[in-house]
2 protein chains.
Amino acid sequence: MPKRTRQKEAILRVLKSTTSHPTADWIYSDVRKEIPNISLGTVYRNLKLLWQSGEISEMDFSGTFSRFDGNPDNHYHFRCERCGRVFDVDEPVNKETDDRVAQKTGFKIFYHRLEFRGLCRECQESREVRTK
Amino acid sequence: MPKRTRQKEAILRVLKSTTSHPTADWIYSDVRKEIPNISLGTVYRNLKLLWQSGEISEMDFSGTFSRFDGNPDNHYHFRCERCGRVFDVDEPVNKETDDRVAQKTGFKIFYHRLEFRGLCRECQESREVRTK
DNA sequence: CATTTATTAGTAATAGTTATCGTTACTTGT
DNA sequence: ACAAGTAACGATAACTATTACTAATAAATG
Ligand SMILES: [Mn+2]
Ligand SMILES: [Mn+2]
Ligand SMILES: [Zn+2]
Ligand SMILES: [Zn+2]
């Protein structure tokens, strides 16, 4: 039986109060304003617990580090290839495709993840070579 | 001006000859059959060079490690949540959605990535709790 | 209040990837 | 064929996000 702790509640509150899909480290420094001696390991452990209980979702798309999302329901994202920011995309999730592909392939499909990539409004003018 | 080397050619050949979306480490051990003293750093360096020149693509989806794909053209994938294998999905890429979302949001959208998740045929019977 | 046990802070360990550096070998031009 | 210039090499160290470990702490229960 999981316990409700000050640390877990603070982490969840931080994550629910932003739309920025933050990294574990960002959450860590934000929660430290309230609990200065919280451990980074505690942040990671609770993010996993919260994910396991279905209260948040983890964005393990793209490369080097995970981002977390206070919204546990499946939805689409846009990632800016220049500044790296991630935005929600308000587009209905197409469940029919899951069924059609499942039929065709024999896979059992639970859901799909979709990420658009490009340039956000702010980054659109000053274009650069992609490095990653 | 990039040079053609034995190492780079071997890495590209290995990657083009499989549909398994291998990791850098898998490629490393396969190439070592031909070039036993090749360095893992060389594998990584060449994978990046090949990606930069558009000859392969990198799947930096899901968490811990990258997978690589000898097919540089955008296409969809299915990932089995039990065995972790990645399969190509032969479904046309829906470019219209990119345009519609771009219109709606003001983002410049280059492409999108789509990954189906579920259970492959082999894993379908012996179900387990998801751990990641 | 006493017991139980999940959780914590702190720290060490892990793992994938990248950086560094002296040496090698591919390319180009004579 | 030879020399010069330089991209790429192998070996290894460094980096970084994440996880594991452990003795101490604090929720939950009744
Ligand atoms: Mn989101
Ligand atoms: Mn593929
Ligand atoms: Zn941007
Ligand atoms: Zn499977």
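Note that the structure is predicted; figures quoted are calculated from it, not measured.
The ring of A/Phe110 has its center no closer than 6.0 angstrom to the ring center of B/Phe116.
Regarding A/Ile38, its CD1 atom lies at a distance of 16 Å from the C1' atom of C/dT11, rounded to whole Å. Taking atom CZ of residue B/Phe68 and atom C1' of nucleotide C/dG16, one finds them 10 Å apart after rounding to whole Å. Taking atom CD1 of residue B/Ile27 and atom P of nucleotide C/dT17, one finds them 10 Å apart after rounding to whole Å. Between the CG atom of A/Leu50 and the C1' atom of C/dA6 there is a distance of 14 Å, rounded to whole Å. Following rounding to the nearest Å, A/Glu9 (CD) and D/dA27 (P) show an atom-to-atom distance of 10 Å. The distance between atom CZ of A/Arg32 and atom P of C/dA9, rounded to the nearest whole Å, is 11 Å. As a whole-Å value, the separation of A/Arg45 CZ from D/dA27 P is 14 Å. Between A/Tyr28 atom OH and D/dT18 atom P there is a gap of 14 Å when expressed in whole angstrom units.
The side chain of B/Ser66 places an N or O atom within less than 4.0 Å of a non-bridging phosphate oxygen (OP1 or OP2) of C/dT17.
Grouping the Ile, Leu, Val, Met, Phe, Trp and Tyr side chains by contacts below 4.5 angstrom, directly or via other members, places A/Phe68 with A/Trp51.
Using a cutoff of 4.0 Å between basic side-chain nitrogens and carboxylate oxygens, B/Glu115 and B/Arg79 are scored as salt-bridged. Under 4.0 Å is where a charged nitrogen must lie from a carboxylate oxygen, and between B/Arg13 and B/Glu34 at least one such pair does.
Taking 4.5 Å as the limit, every side-chain heavy atom of A/Val101 sits out of range of all side-chain heavy atoms of A/His112.
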Worked verdict on B/Glu9 versus B/Arg4 for side-chain contact (heavy atoms from CB on, under 4.5 Å): CA-CA 7 Å; B/Glu9 309 254 286; B/Arg4 274 197 298 283; 3.3 Å; yes

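For A/Ile35, the listed nucleotide lying nearest its side chain is C/dA9; candidates were C/dA9, D/dT18, C/dT18. Taking only side-chain atoms of B/Tyr44, from C-beta outward, the nucleotide of C/dT8, C/dG10, C/dG16 with the closest atom is C/dG16. Of all nucleotides listed (C/dG16, D/dA8, C/dT7), D/dA8 comes nearest to the side chain of B/Lys8. When each of D/dG10, C/dT17, D/dT18 is scored by its nearest atom to the side-chain atoms of A/Leu40, the top-ranked nucleotide is D/dT18. The side chain of B/Met1 lies closest to D/dA7 when the candidates are D/dC9, D/dA7, C/dA9. Taking every side-chain heavy atom of A/Ser39 into account, C/dG10 is the closest of C/dT17, C/dG10, C/dT8.
For the helix from C/dC1-D/dG30 to C/dT30-D/dA1, the axis fitted to the five pairs at one end and the axis fitted to the five pairs at the other end meet at an angle of 50° (nearest 10 degrees).
Cation-pi contact between B/Arg32 and B/Tyr28: present, with separation from the ring centre below 6.0 Å and deviation from the ring axis of at most 45°. Figure legend: cation-pi geometry between B/Arg113 and B/Tyr111 absent, as NZ or CZ is not positioned both under 6.0 Å from the six-membered ring centre and within 45° of its axis.
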Nucleic acid footprint by protein, nucleotides 22-30 of chain C - heavy-atom cut-off 4.0 Å, B for base, S for sugar-phosphate alone: ---BBS---

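Using a 4.0 Å heavy-atom cutoff across all strands shown, B/Asp25 reaches no nucleic acid atom at all.
There is a side-chain donor-acceptor pair under 3.5 Å between B/Glu58 and B/Ser66. In summary, the side chains of B/His21 and B/Asp88 do present a donor paired with an acceptor at a separation below 3.5 Å, with no hydrogens or angles considered.
A residue-by-residue look at A/Asn37 and B/Arg67 shows that A/Asn37 has its nearest nucleotide of DNA chain C further toward the 5' end.
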